[in-house]
Amino acid sequence: LSTHAESESLAQKLRAVQRLEQLGAEVMLLQANAADATQMQAALAQIDDCFGALHGVLYTAGLADYGSIIRPLATTSRAVDEALFEAKIHGLYVLDRLLDGRALDFCLLFSSVATTLGGLGFSAYSAANLFMDAFAASRTQTSTVPWISASWDGWPTETSAHPRGTIHTSMDQYIMTIEQATEAFERVVLAAPEGQVIVATGDLGARYELWIRRPFRAGEQGAGSETGLPSIATRPELRESYVAPTSQIERQIAEIWQDVLGIAQVGIYDNFFELGGHSLMATQVMSRLRNVAQIDLPLQTLFEQPTVAGLATLVVQRQVEMTDRQELAQLLAEIKQLSSHEAQQQLEHERQSRSKDLLHE
């Protein structure tokens with residue numbers, strides 16, 4: 001702890017272990033690849049030697065890097081998916097074999113609410129967690145061990161990198177508090193039926209209606225416009241209060257969203273996907289934004305910055321960068337037109353001007 005800052009992940013984990021020990025727990029750290037049967041067997045043997053028995057399992061294996069999880073289908077690859085499937089899928093087969101014959105109180109798998117609600121960039125992630133849900137449901141038919149797959153909303157550790165009040169994502173809005181997570185965990189372990197259980201902090205039915213049934217799609221609100229865009233509907237109930245655009249670029253982005261989503265009013269902190277947006281709509285938004293802002297942004301940008309405020313900030317930054325590059329290119333072009341003598345004279349003039357300025361200061 002003395003060699004790591006308090007904000008570092010390792011220091012936070014060490015302090016959490018210390019708190020567990022202060023509460024009377026005995027903590028043993030073992031490292032193993034969840035999909036490696038030999039390593040896992042060795043880990044279980046050490047557990048048996050130390051504690052005499054194994055009473056419950058929390059299976060939370062998965063990738064810690066969300067940048068590796070969140071990928072549009074067009075940019076994913078077999079190598080990327082295999083890294084995710086190794087823990088979520090192959091590791092489960094290993095665990096099932098090793099737990100066979102053991103009298104456990106429970107085996108709790110940590111799945112995700114993405115299995116029900118999906119999400120742009122979550123194709124492989126949703127698939128892996130759907131497998132976990134199906135695996136638990138299957139084992140309830142054949143195993144003496146109670147298998148539960150809990151499809152969770154975000155845990156307290158899954159916080160946004162952005163300060164509160166700036167950029168909000170759907171994950172931010174539905175992350176559990178520590179108190180909610182503790183109570184939900186107790187309920188799942190003590191009272192949940194075997195198989196799959198969904199743990200949601202928001203109205204699951206309303207979110208399913210908005211994200212899966214997508215009432216704002218063209219044709220579901222009437223005939224729509226000549227462009228095929230959905231007709232105008234009122235702004236849905238969101239956790240975020242409406243905040244009006246203040247800058248020109250924010251107003252332009254909000255207007256684009258309103259047209260594409262078919263919503264009368266879009267606030268700068270509203271999440272595009274909370275409003276019912278999906279990948280096809282995202283493509284339309286980014287295409288129109290390129291025409292308005294005269295900059296080229298990939299589709300992934302909207303996933304990374306799913307609010308008007310966040311997207312506007314990025315657009316302004318790119319515009320400034322483009323202006324700087326254009327000015328530099330113009331300056332270089334002017335220099336190329338000078339002869340060696342003219343360039344030397346210009347440099348000498350600049351040097352003398354700077355010397356006078358320094359003397360004046």
Side-chain angles (χ1 to χ4, degrees), residues 60 62-63 66-74 76 81 84-85 88-89 108-137 148-160 167-177 180-181 184-185 187-188 192 195-217 220 230 233 235-240 257 260-263 269-283 285 299-300 302-307:
T60 65
L63 296 180
Y66 275 86
S68 299
I69 293 174
I70 304 173
R71 285 176 176 268
L73 188 59
T76 192
D81 294 346
L84 179 62
F85 294 164
K88 292 280 186 180
I89 296 177
L108 176 58
L109 312 181
F110 278 59
S111 179
S112 168
V113 75
T115 60
T116 300
L117 300 178
L120 179 61
F122 272 18
S123 56
Y125 180 70
S126 296
N129 284 287
L130 276 165
F131 176 87
M132 298 181 74
D133 296 342
F135 191 93
I148 304 170
S149 184
S151 301
W152 303 93
D153 254 330
W155 276 75
T157 53
E158 298 173 4
T159 53
S160 172
I167 299 174
H168 302 258
T169 67
S170 56
M171 179 177 287
D172 291 329
Q173 296 183 31
Y174 294 105
I175 285 176
M176 294 180 288
T177 65
Q180 288 173 333
F185 174 78
R187 289 191 186 191
V188 168
Q196 183 191 14
V197 58
I198 299 174
V199 183
T201 62
D203 187 328
L204 187 67
R207 293 159 70 186
Y208 185 88
E209 180 72 16
L210 181 63
W211 297 348
I212 304 302
R213 290 180 58 83
R214 305 188 189 282
F216 300 121
R217 287 185 301 186
E220 291 191 6
R235 180 176 180 269
E237 289 294 327
L238 301 175
R239 291 193 177 191
E240 298 296 334
W257 286 24
V260 172
L261 293 168
I263 297 176
Y269 298 132
D270 293 347
N271 186 288
F272 180 77
F273 304 105
E274 295 283 335
L275 292 171
H278 53 76
S279 57
L280 179 59
M281 289 182 175
T283 302
V285 165
L299 177 62
Q300 182 73 8
L302 183 56
F303 183 80
E304 296 169 349
Q305 301 288 353
T307 66

Are the side chains of [X] and [Y] in touch, meaning some heavy atoms are under 4.5 Å apart?
X: Gln180; Y: Asp153; value: no
X: Ile198; Y: Val113; value: yes
X: Met281; Y: Leu275; value: no
X: Phe135; Y: Lys88; value: no
X: Phe272; Y: Leu261; value: yes

* **side-chain contact (heavy atoms from CB on, under 4.5 Å) against Ser112, all qualifying residues, sequence neighbours excluded** =>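 Residues passing side-chain contact (heavy atoms from CB on, under 4.5 Å) with Ser112: Ala114, Tyr125, Asn129.
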* To do: Go through the structure and list residues passing side-chain contact (heavy atoms from CB on, under 4.5 Å) with Ala150, not counting sequence neighbours.
  =>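 In terms of side-chain contact (heavy atoms from CB on, under 4.5 Å), with neighbours along the sequence ignored, Ala150 is linked to Leu108, Trp152, Val188, Val197.
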Kindly compute the distance separating [atom1] ([X]) from [atom2] ([Y]), expressed to the nearest 0.5 Å.
X: Thr201; Y: Met176; atom1: OG1; atom2: CE; answer: 7.5 Å
X: Ser149; Y: Leu130; atom1: OG; atom2: CG; answer: 9.0 Å
X: Leu302; Y: Phe273; atom1: CG; atom2: CZ; answer: 4.5 Å
X: Arg207; Y: Leu117; atom1: CZ; atom2: CG; answer: 5.5 Å
X: Ile148; Y: Gln196; atom1: CD1; atom2: CD; answer: 12.0 Å
X: Ile89; Y: Asp81; atom1: CD1; atom2: CG; answer: 9.5 Å

* Structure fact -> Taking every heavy atom of Ala136 against every heavy atom of Leu109, the minimum-distance pair comes out as CB-CD1, 4.1 Å
* Asked: Quick one: ring-ring contact (aromatic ring centres under 6.0 Å, His included) partners of Phe85, sequence neighbours excluded?
  -> none
